[in-house]
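First comes the structure, then the notes that go with it.
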Amino acid sequence: DIAQLDMASAWVGAVCYMLQIYFDFSGYSDMAVGMGKMFGFSFPENFDYPYTACSIRQFWKKWHISLTSWFREYLYFPLGGNRKGRARTLFNRFFVFLCTGIWHGADWTFICWGLLYFVLLMFEKLTGFHKKTGWYMHVYTMFFVIIGWVVFRADSITAAVSYIGNMFGIGAAGFVDGTFADCIKNSAVVFIAAIIFSFPVVKKAGEVLEKKPLLKNVLASVCMVAVFIASILVCIKATYNPFIYLNF
């Protein structure tokens, strides 16, 4: 119940969904890439560690690359792209992000999610804000990404506004309560691991071990077997839980 949610739990819930949807979407894409290799096909990466982005523009280039490319090639460019003046360029981008929202579902939450990114990207383009550097740019990017996922996940605009209000203490049941403590107690390890592996930790480790191929292969094999066993145990323990992407 949103009305009984404390401020800290609201933030944890939003961050958890941000991580869940990334690993869900990126996971099925990696499965497709892997199965493609089994049949001799080579598919490009679909998610390039989007949560390392330091601007909304950079985030969108790293998130769901195939979908972004499709809209660019088959909608944005045919509409004229940026070749027909500023006003037409603005409309073209508005229309693309409107369609991006509608593509996920015929609901106002998806439409608002798409248009939120349109507004943010236009702000960055018109002000040059995306060119700035510093840690605060990552904070700024993740803040709006999290807010965007709340809107995306909510059952209605009203629910999204209520939840976002809780995140800032408006209507929340205090700053922190037992719900937050239980969440951290039961899921701290998974939560921390998800945050760590949303960054290119494995990729960087592979680059470091590039000069030691035998060690690299042994460690990779051990890790894959361990992850496989852990995944089987989770599947046995849990009930049926399909990919989030099946909803779209």
Side-chain angles (χ1 to χ4, degrees), residues 17-36 41-131 137-138 140-154 156-157 160 198 200 242-248:
Y17 183 71
M18 177 186 77
L19 294 168
Q20 181 190 16
I21 198 167
Y22 165 64
F23 284 109
D24 186 281
F25 283 23
S26 181
Y28 88 80
S29 296
D30 289 342
M31 289 167 62
V33 171
M35 287 188 288
F41 297 101
S42 182
F43 299 124
E45 290 291 332
N46 203 20
F47 293 84
D48 183 21
Y49 300 100
Y51 296 154
T52 63
C54 290
S55 69
I56 297 299
R57 181 180 183 182
Q58 190 179 58
F59 169 78
W60 205 249
K61 286 183 177 181
K62 290 172 171 285
W63 178 267
H64 213 325
I65 298 169
S66 61
L67 180 64
T68 302
S69 298
W70 191 93
F71 275 111
R72 182 178 64 247
E73 298 293 333
Y74 294 100
L75 191 60
Y76 182 64
F77 288 161
L79 286 172
N82 59 359
R83 303 187 303 272
K84 296 186 177 182
R86 179 174 293 183
R88 182 58 184 270
T89 299
L90 188 67
F91 170 78
N92 291 345
R93 293 185 176 180
F94 167 82
F95 188 69
V96 166
F97 278 95
L98 174 65
C99 291
T100 300
I102 294 174
W103 184 88
H104 286 86
D107 195 296
W108 282 110
T109 53
F110 297 124
I111 293 172
C112 287
W113 173 78
L115 295 182
L116 171 65
Y117 278 103
F118 164 73
V119 171
L120 291 171
L121 286 167
M122 288 302 97
F123 162 73
E124 289 188 352
K125 182 175 179 58
L126 295 174
T127 63
F129 190 67
H130 62 283
K131 297 178 182 179
M137 289 299 294
H138 186 248
Y140 143 78
T141 303
M142 288 301 99
F143 173 80
F144 281 109
V145 167
I146 292 171
I147 295 299
W149 286 136
V150 172
V151 176
F152 185 91
R153 174 62 181 84
S156 65
I157 297 299
S198 65
F243 284 116
I244 296 175
Y245 207 77
L246 289 177
N247 296 323
F248 311 114

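Contact detail for A32 and F43: the closest heavy-atom pair is O-CD1, 3.7 Å. P78 and E73 get closest at one heavy-atom pair: CD-O, 3.3 Å. Closest of all the heavy-atom pairs between F129 and M137 is O-CE, 3.3 Å. Shortest non-hydrogen contact noted between T109 and S156 is CG2-C, 3.6 Å. The nearest pair of heavy atoms linking L98 to I111 is CD1-CG2, 3.7 Å. Residues C112 and V151 share a closest heavy-atom pair of CB-CG1, 4.1 Å.
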Please step through side-chain contact (heavy atoms from CB on, under 4.5 Å) for the pair Y76 and N82, ending with a clear verdict.
CA-CA 9 Å; Y76 182 64; N82 59 359; 3.6 Å; yes
Would you please test F71 and F97 for ring pair (Phe, Tyr, Trp, His ring centres under 6.0 Å) and show each step?
CA-CA 9 Å; F71 275 111; F97 278 95; 8.6 Å; no
Please step through side-chain contact (heavy atoms from CB on, under 4.5 Å) for the pair F118 and V96, ending with a clear verdict.
CA-CA 9 Å; F118 164 73; V96 166; over 6 Å; no
Evaluation steps, side-chain contact (heavy atoms from CB on, under 4.5 Å), between L90 and F95:
CA-CA 9 Å; L90 188 67; F95 188 69; over 6 Å; no
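Within 6.0 Å of the CZ atom in F143, the count of heavy atoms belonging to other residues, nucleotides or ligands exceeds 12. Within a 6.0 Å sphere centred on CZ of R93, other residues, nucleotides and ligands contribute more than 12 heavy atoms.
With values rounded to the nearest 0.5 angstrom, Y51 atom OH is found 6.5 Å from L19 atom CG. Separating the CG atom in D30 from the CZ atom in F23 is a distance of 10.5 Å, to the nearest 0.5 Å. Atom CD1 of I56 is separated from atom CE of M122 by 12.5 Å, given to the nearest 0.5 angstrom. The distance from the CG atom of L121 to the CZ atom of F94 is 14.0 Å, given to the nearest 0.5 Å. Expressed to the nearest 0.5 Å, how far NZ of K61 lies from OG of S69 amounts to 11.5 Å. Separation of atoms OG (S26) and NZ (K62) is listed at 12.0 Å; rounding is to 0.5 Å.
A donor-acceptor pair under 3.5 Å is formed between the side chain of R88 and the backbone N or O of L79. Panel note: side chain H130, backbone E124; a donor-acceptor pair is recorded below 3.5 Å. In this structure a side-chain-to-backbone donor-acceptor pair under 3.5 Å is present from T52 to Y49. No donor-acceptor pair closer than 3.5 Å links the side chain of H64 to the backbone N or O of F25. Within the 3.5 Å criterion, the main-chain N or O of C54 finds a donor-acceptor partner in the side chain of Q58. Within the 3.5 Å criterion, the main-chain N or O of G81 finds a donor-acceptor partner in the side chain of N92.
Residues P44 and I65 have side chains not in contact (no heavy-atom distance under 4.5 Å, counting atoms from C-beta outward). Residues F59 and V145 form a side-chain contact, since some pair of their non-hydrogen atoms from C-beta on lies under 4.5 Å apart. Using a 4.5 Å heavy-atom cutoff, the side chains of Y17 and V150 are not in contact. L120 is not listed as a side-chain neighbour of K125, based on a closest heavy-atom distance of 4.5 Å or more.
Ring orientation note: the planes of W149 and F152 are nearly perpendicular, at an angle over 60° on the 30°/60° scale. Ring pair Y117/W113 is perpendicular by interplanar angle, where above 60° counts as perpendicular and below 30° as parallel.
For the 3.5 Å distance criterion, the side chains of S29 and N46 qualify, holding a donor opposite an acceptor.
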